[in-house]
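To start, the structure itself, in structure tokens.
Worth saying up front: this structure is predicted, and the values here are computed from it rather than measured. Values reported hereafter were calculated over all heavy atoms of this structure, with side chains retained and with hydrogens, waters and symmetry mates removed. Positions are given from 1 along the sequence.
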Amino acid sequence: MELELRRGHLQTMAKIAFILFVVNAIGLSLAANIMGTNQSISCGETLVSSDLTFELGFFTRGNSSMSYLGIWYKFSPQTVVWVANRDNPLADRNGVIRFSNVSNLVVLNQSNGVVWSSKLSRVLRNLVAQLLDSGSLVLWDKSGSSVDEAYSWQSFDYPTDMLLPSLKLGLNLKTGLEWHLTAWKSINDPSPGDYINVLKLSSGSTSV
Ligand SMILES: *[C@@H]1O[C@H](CO)[C@@H](O)[C@H](O)[C@H]1NC(C)=O
Ligand SMILES: *[C@@H]1O[C@H](CO)[C@@H](O)[C@H](O)[C@H]1NC(C)=O
Ligand SMILES: *[C@@H]1O[C@H](CO)[C@@H](O)[C@H](O)[C@H]1NC(C)=O
């Protein structure tokens, strides 16, 4: 009788432990695709898209000590789909990404020098950075009234060398931004190489 009770008790404890584990795991993966104004990401820390496909963080390649902020497939970290500071590598692994006080996402080096910036022209109050399931890093204003409000900035407007399913190439007639892919200099060097893929639009053709 006492043994039965004890066994029942143990089973209940095991169930509670399992539920806590699951809740914790889900909670973590939900929380980790978004970064708020007071948060930062250092080397070794990452954001992960909610469907666990993409990961954003700092990476190095080959024997190089230089590090870059990028997005890669979580299941294949060698497959980098976007690089932020490809023109301006960090000399070491001491980079950090955070919001500047003028509402831009910035990558800072060890001495707080700005290595890369999202270069937003508008000042936004309640900015968050989110890594979407599409593989795009977007900045949006959390206090914005409309859910459909366009993103203030998106990495898809600055493609590297990888074409993802919902990434567009060509000319954005609204913003004048030209989307094109530029190959890496070499397999271990994401700096812009010689090969550029630009879509030439004939006059009168329509793009978004
Ligand atoms: C790293 O450096 C070693 C020795 O210098 C060299 O043999 C090796 O090929 C390098 N590896 C890469 C990936 O560059
Ligand atoms: C941002 O911070 C710098 C240094 O901390 C300061 O000089 C500057 O005035 C600040 N800018 C704004 C818009 O708050
Ligand atoms: C940090 O970045 C600034 C500005 O780009 C640069 O002048 C400085 O040398 C860098 N410091 C280090 C330690 O890389």
Side-chain angles (χ1 to χ4, degrees), residues 28-50 54-74 77-132 134-144 149-162 175 177 179 182-193:
L28 281 179
S29 63
L30 284 181
N33 71 349
I34 201 158
M35 179 184 130
T37 330
N38 299 321
Q39 293 172 298
S40 63
I41 296 174
S42 318
C43 193
E45 299 173 327
T46 59
L47 290 182
V48 177
S49 65
S50 64
F54 293 99
E55 188 163 29
L56 172 140
F58 290 99
F59 70 91
T60 55
R61 267 302 173 84
N63 288 341
S64 170
S65 61
M66 290 179 182
S67 62
Y68 302 86
L69 175 73
I71 299 172
W72 56 85
Y73 282 107
K74 188 163 172 52
Q78 285 298 303
T79 313
V80 174
V81 300
W82 182 72
V83 186
N85 56 318
R86 69 189 302 195
D87 297 312
N88 199 9
L90 286 151
D92 50 32
R93 292 164 189 238
N94 291 310
V96 62
I97 179 164
R98 64 173 179 79
F99 286 99
S100 71
N101 59 356
V102 284
S103 70
N104 264 304
L105 198 61
V106 291
V107 174
L108 303 177
N109 66 15
Q110 202 171 8
S111 43
N112 281 333
V114 177
V115 164
W116 176 86
S117 160
S118 56
K119 298 200 186 87
L120 269 180
S121 44
R122 291 190 292 152
V123 174
L124 298 165
R125 310 235 161 265
N126 202 357
L127 210 59
V128 291
Q130 186 171 11
L131 181 58
L132 302 182
S134 61
S136 190
L137 176 69
V138 297
L139 302 184
W140 53 281
D141 191 349
K142 229 174 143 191
S143 53
E149 205 175 330
Y151 297 121
S152 305
W153 181 93
Q154 52 184 340
S155 62
F156 271 14
D157 277 338
Y158 305 90
T160 300
D161 69 332
M162 192 68 80
T175 62
L177 275 176
W179 297 301
T182 310
W184 287 28
K185 197 159 242 166
S186 74
I187 194 155
N188 287 328
D189 181 357
S191 62

Between atom CE of Met66 and atom CG of Asn188, what is the distance when rounded to the nearest 0.5 Å?
12.5 Å
Ser49 and its side chain to side chain contact (heavy atoms under 4.5 Å, CB included) partner, picked from Ile71, Leu56, Leu131
Leu131
Interatomic distance, Thr46 atom OG1 to Lys74 atom NZ [nearest 0.5 angstrom]
6.0 Å
Is there a side chain to side chain contact (heavy atoms under 4.5 Å, CB included) between Tyr151 and Asp157 once you walk through the steps?
CA-CA 11 Å; Tyr151 297 121; Asp157 277 338; over 6 Å; no
Mind checking the CD1-OG spacing from Ile97 to Ser118? Nearest 0.5 Å is all I need.
8.5 Å
Interatomic spacing from NZ in Lys142 to CG in Asn126 - rounded to 0.5 Å:
6.0 Å
Closest heavy-atom contact between Leu90 and Asn85?
N-ND2, 3.7 Å
Partner of Leu105 by side chain to side chain contact (heavy atoms under 4.5 Å, CB included), out of Leu137, Leu120, Val128, Leu127
Leu137
Close side-chain approach of Trp184 to Arg86, heavy-atom, < 4.5 Å
yes
Measure the spacing between CG of Asn94 and OG of Ser65 and express it to the nearest 0.5 Å.
10.5 Å
Relative to the ring of Trp116, is the ring of Trp82 parallel (under 30°), tilted (30 to 60°) or perpendicular (over 60°)?
perpendicular
If you round to the nearest 0.5 Å, how far is OG of Ser103 from CH2 of Trp153?
13.5 Å
Side chain proximity check, Phe99 to Leu139, heavy atoms < 4.5 angstrom:
yes
I'd like to check Val96 versus Ser42 (side-chain heavy atoms, cut-off strictly below 4.5 Å). Are they in contact?
yes
Non-hydrogen side-chain atoms of Trp72 and Phe54 separated by less than 4.5 Å
no
Can you tell me if Ser111 and Asn109 form a side-chain donor-acceptor pair at under 3.5 Å?
yes
Answer whether the closest heavy-atom distance between the side chains of Val80 and Pro190 falls below 4.5 Å.
no
May I ask you to test the Leu108-Val114 pair for a side-chain heavy-atom distance under 4.5 Å?
yes
Is there a side-chain contact between Gln39 and Ile41 (heavy atoms, below 4.5 Å)?
no
Compare all side-chain heavy atoms of Gln78 with those of Arg61 and state whether any distance is below 4.5 angstrom.
yes
Aromatic ring centroids of Phe58 and Tyr68 under 6.0 Å?
no
